[in-house]
Engineer: 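Have a look at this one.
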Amino acid sequence: MRLVACRVSCAILLGSPVLLAQTPTFSSRVDAVRVDALVTDGRQQPVLGLKAEDFEVLDDGVPQRVDLAVSERLPLHVVLAVDLSDSVAGERLAQIRAAGHAVIDGLKREDQAALLTFSAAVSLRAALTADLARVRAAIDDASGGGDTSLVDASYSALVLGEADDARALVIVFSDGADTGSFLTPAAVLSTAARTAAVVYGVSTGDAPSAFLADLCRVTGGRVLSVQSTDKLREAFLGILEEFRQRYVLSYVPRGVAKDGWHRLDVRIKSRRATVKARPGYLAGSRFGSAR
Amino acid sequence: MNDVLDELKKLLEPVDQVERPDTPLWSLPLYPYGVADVPSLNRMLKRAAILHADVAFFNHTESGYSLPPDDGRYTVVTDGRTVGVVAGTFHWEVGRRLLDQVRPSPAADDDVRLWYEVTSAMLQRLEDYAGLVPHLARARELFPTDAALALYDGTVHENFAEPSIQNAGIKAPQRARPVSPCTIYDCRDSAARQPTPFDSPDRERREAETLFRQALRLDPALSEARIRLARVLGLQGRHAEAVTELQRALSAEPRPLLRYYALGLLGREQQTLGRRDSARTAYEQASALYPAAQSPRLGLSQLARDAGDHVQAIAQLDVLREPAASAAQSDPWWSYSRTHVPDVVELVGMLVERWRQ
């Protein structure tokens with residue numbers, strides 16, 4: 001416990017995240033909580049340059065001490081989960097591929113990416129890797145057809161992207177509702193409440209699936225609806241840019257129950273700002289920690 | 001189709017009302033076997049019904065029905081998206097009308113019963129609900145105590161509750177659009193003119209439950225009915241009841257496919273009830289039956305992740321690395337909605353063998 005406290009303190013003593021010589025590591029304590037938060041101003045523009053002391057975190061209404069708040073210095077684990085069911089073919093498929101390439105092209109050297117596609121089957125086309133050429137090749141080879149196992153694919157993407165030393169961004173594209181998964185939406189939402197991954201959904205059609213909307217909400221992400229797949233590239237890039245502007249907060253809960261569901265409130269002290277973060281977490285599992 | 005049926009009616013109209021008013025086929029001057037040869041007539045009718053079933057089955061294509069335009073409008077529902085409403089092929093109706101002429105009564109004839117069982121399973125395999133619904137209606141009229149037909153009827157309602165049907169847009173026909181590739185004609189117009197053929201998910205599942213229970217009263221050993229009953233119970237939030245039915249099905253069912261479905265569903269129900277060890281056991285047993293299947297491995301992964309074992313959760317997802325082309329054939333869960341046991345191939349074999357004798 002003492003060693004862990006030192007690791008966290010050292011990260012703070014070094015000053016702002018920009019001055020960190022190494023990638024910051026979060027507490028590996030089972031009970032440490034990570035919260036990924038987007039802060040925007042009145043014009044819905046991201047607020048940058050905030051520090052740990054600028055944040056107020058309430059865990060079940062109890063104020064907590066934020067030990068760490070970092071953003072850009074953490075590498076990303078980006079998992080693309082792409083719907084390749086029957087309704088996606090021809091020109092739509094080409095546009096989906098282009099959007100996938102755009103995200104990969106927007107990654108930095110320290111980032112990693114993975115590609116999942118789903119129809120009835122969920123296929124791990126490229127496991128999480130820093131070899132982005134492999135992911136690009138997988139995007140070009142991908143094809144599908146059949147039902148839509150959105151729930152199964154979303155679960156898989158959540159788990160595959162998790163890590164202690166990186167931020168997990170899951171981008172799920174689907175043009176319809178789930179028609180073939182084995183896992184239940186309720187069970188996957190429960191798992192999502194235990195992970196630190198943030199899910200952004202992109203949906204075409206009249207309305208996103210209720211499951212996808214709930215998944216994004218539970219993880220602190222959001223759903224974007226686009227009218228057609230020719231807007232996907234822009235949507236994917238927008239998500240990547242927004243995600244890089246988020247903060248990752250870490251704290252060890254004090255004065256609250258050790259298990260069960262905890263409501264989270266994240267605010268900015270002494271200024272008006274909107275914070276988008278997960279609404280809570282399930283304690284009693286390794287929230288935010290992969291090991 | 002109406003033209004064909006009108007012609008068929010002429011064929012069946014009585015020529016000699018005085019002699020045999022209720023048996024028009026006997027009156028055909030071209031009938032070669034003589035009016036007393038009932039077995040031969042019955043045999044001809046049954047073989048003709050098989051022929052029409054063959055034509056109907058092979059007329060179906062993956063993307064829809066390859067019918068000429070004057071056979072009417074129709075719909076294909078693909079991955080939850082609608083393209084109109086199915087009118088189907090007339091061959092199923094021709095087959096039914098032929099068998100209605102079997103003497104002394106089609107309802108007393110085991111061959112007719114088997115024909116309906118086989119063709120209903122064929123229609124379910126094709127997911128041709130417009131064909132299957134009237135087909136089963138007639139079948140159940142003739143054979144109300146046939147457990148397999150009650151099971152098939154329940155399966156239709158179980159499937160009607162699913163998002164793949166419910167989301168088809170039939171309730172909002174203005175959203176209907178053709179799916180490419182599409183060999184369907186006038187589908188956008190057809191969708192706007194057809195009524196919704198199914199009810200809400202809750203009502204469909206209640207109807208399915210009623211029919212599965214009926215099937216089990218008729219044949220308590222019909223495991224598939226018990227497994228499907230358990231699934232709809234679980235979907236209605238009655239998880240403890242679902243577990244009981246699944247355990248009962250497993251206690252007496254040796255066939256791998258049905259055991260796989262039962263074990264997978266049992267794992268899900270136990271997981272929902274918070275019984276993680278029991279869920280893990282069920283998933284492991286399901287996975288042992290079909291090692292390449294994704295579904296039980298996803299269940300095991302989730303159990304591990306929720307228990308904090310990320311390493312094991314990732315390891316179970318190794319099954320996702322299989323190329324999609326081979327994975328598609330390796331998880332029976334993906335064909336649950338259109339599969340019965342015995343399957344269509346086996347049933348057709350039984351039918352052909354029986355009628356060759």
Side-chain angles (χ1 to χ4, degrees), chain A residues 30 83-90 92 116-125 127-128 142-153 155-156 158-160 162-164 175-184 186-188 190-191 194-195 205-206 209 282 284-287 289-291, chain B residues 62-63 77-81 162-169 172 175 177 179-181 234-235 264-265 267-268 271-272 293-299 301-311 313-314 316-331 333-337:
Chain A
V30 176
D83 184 348
L84 292 186
S85 57
D86 266 342
S87 47
V88 175
R92 300 186 88 202
L116 275 171
T117 63
F118 58 98
S119 48
V122 180
S123 296
L124 182 56
R125 305 281 182 165
L128 202 63
S143 62
D147 289 336
T148 303
S149 293
L150 171 62
V151 175
D152 286 353
Y155 165 78
S156 304
L158 278 170
V159 172
L160 287 166
E162 284 188 298
D164 276 335
D175 70 345
D178 189 286
T179 58
S181 285
F182 175 74
L183 299 177
T184 64
V188 174
S190 172
T191 298
R194 301 167 195 262
T195 76
D206 295 328
S209 87
L282 265 172
S285 67
R286 297 183 70 89
F287 179 80
S289 286
R291 305 286 181 270
Chain B
E62 286 304 311
S63 61
V77 172
T78 302
D79 188 31
R81 294 186 178 273
E162 292 299 296
S164 55
I165 300 291
Q166 291 279 330
N167 290 346
R175 296 207 300 267
R177 59 179 173 79
V179 175
S180 175
L235 290 169
L265 291 170
R268 251 178 25 181
Q271 186 176 358
T272 302
Q294 294 189 347
S295 300
R297 299 283 294 276
L298 286 168
S301 173
Q302 189 171 47
L303 286 173
R305 177 59 191 85
D306 288 351
D309 188 348
H310 189 259
V311 172
I314 290 284
Q316 292 294 346
L317 296 183
D318 274 352
V319 71
L320 304 183
R321 294 173 188 265
E322 282 292 311
S326 63
Q329 277 82 49
S330 57
D331 192 341
W333 176 253
W334 299 328
S335 54
Y336 171 85
S337 67

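Throughout, protein chains are lettered first and strands after them, A, B, ... in sequence-line order, and every chain is numbered starting at 1. This structure is a prediction, so every number in the text was calculated from the model and none was measured.
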Engineer: Closer than 3.5 angstrom, by distance alone: can the side chain of A:Arg194 be matched with the main-chain N or O of B:Arg305 as a donor-acceptor pair?
Structural biologist: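 Looks like no, no N/O pair under 3.5 Å.
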Engineer: If you round to the nearest 0.5 Å, how far is NE2 of B:His310 from OG1 of A:Thr195?
Structural biologist: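 A:Thr195 OG1 to B:His310 NE2: 9.0 Å, rounded to 0.5 Å.
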Engineer: Spell out, as yes or no, whether a donor-acceptor pair under 3.5 Å connects the side chain of B:Gln294 to the backbone of A:Val122.
Structural biologist: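 The answer is yes, because a donor-acceptor pair under 3.5 Å joins these two groups.
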Engineer: What part of A:Leu158 lies closer than 4.5 angstrom to a heavy atom of chain B: side chain, backbone, both or neither?
Structural biologist: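 Interface part for A:Leu158: neither.
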Engineer: If you take all heavy atoms of B:Arg268 and A:Ser181, which pair is closest and at what distance?
Structural biologist: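 Shortest heavy-atom contact: NH1-O, 4.4 Å.
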Engineer: What heavy-atom pair brings A:Ser156 and B:Leu320 nearest, and what distance separates the two atoms?
Structural biologist: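 The pair with the smallest heavy-atom distance is OG-CD1, 3.5 Å.
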Engineer: How about B:Leu317 and A:Leu124: do any of their side-chain heavy atoms sit closer than 4.5 Å?
Structural biologist: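 No, their side chains stay 4.5 Å or more apart.
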Engineer: For each of B:Gly299, B:Ser337, B:Ala313, B:Ser301, tally heavy-atom pairs with chain A at distances under 4.5 Å, and name the one with the top tally.
Structural biologist: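 The answer is B:Ser301.
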Engineer: Minimum heavy-atom separation for B:Trp334 to A:Gly180, with atom names?
Structural biologist: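 Residues B:Trp334 and A:Gly180, closest heavy atoms: CD1-O, 4.2 Å.
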Engineer: Using atom types as modelled and distance alone, determine if a side-chain donor or acceptor of B:Gln302 lies under 3.5 Å from a backbone N or O of A:Ala187.
Structural biologist: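 Such a contact is found between B:Gln302 side chain and A:Ala187 backbone.
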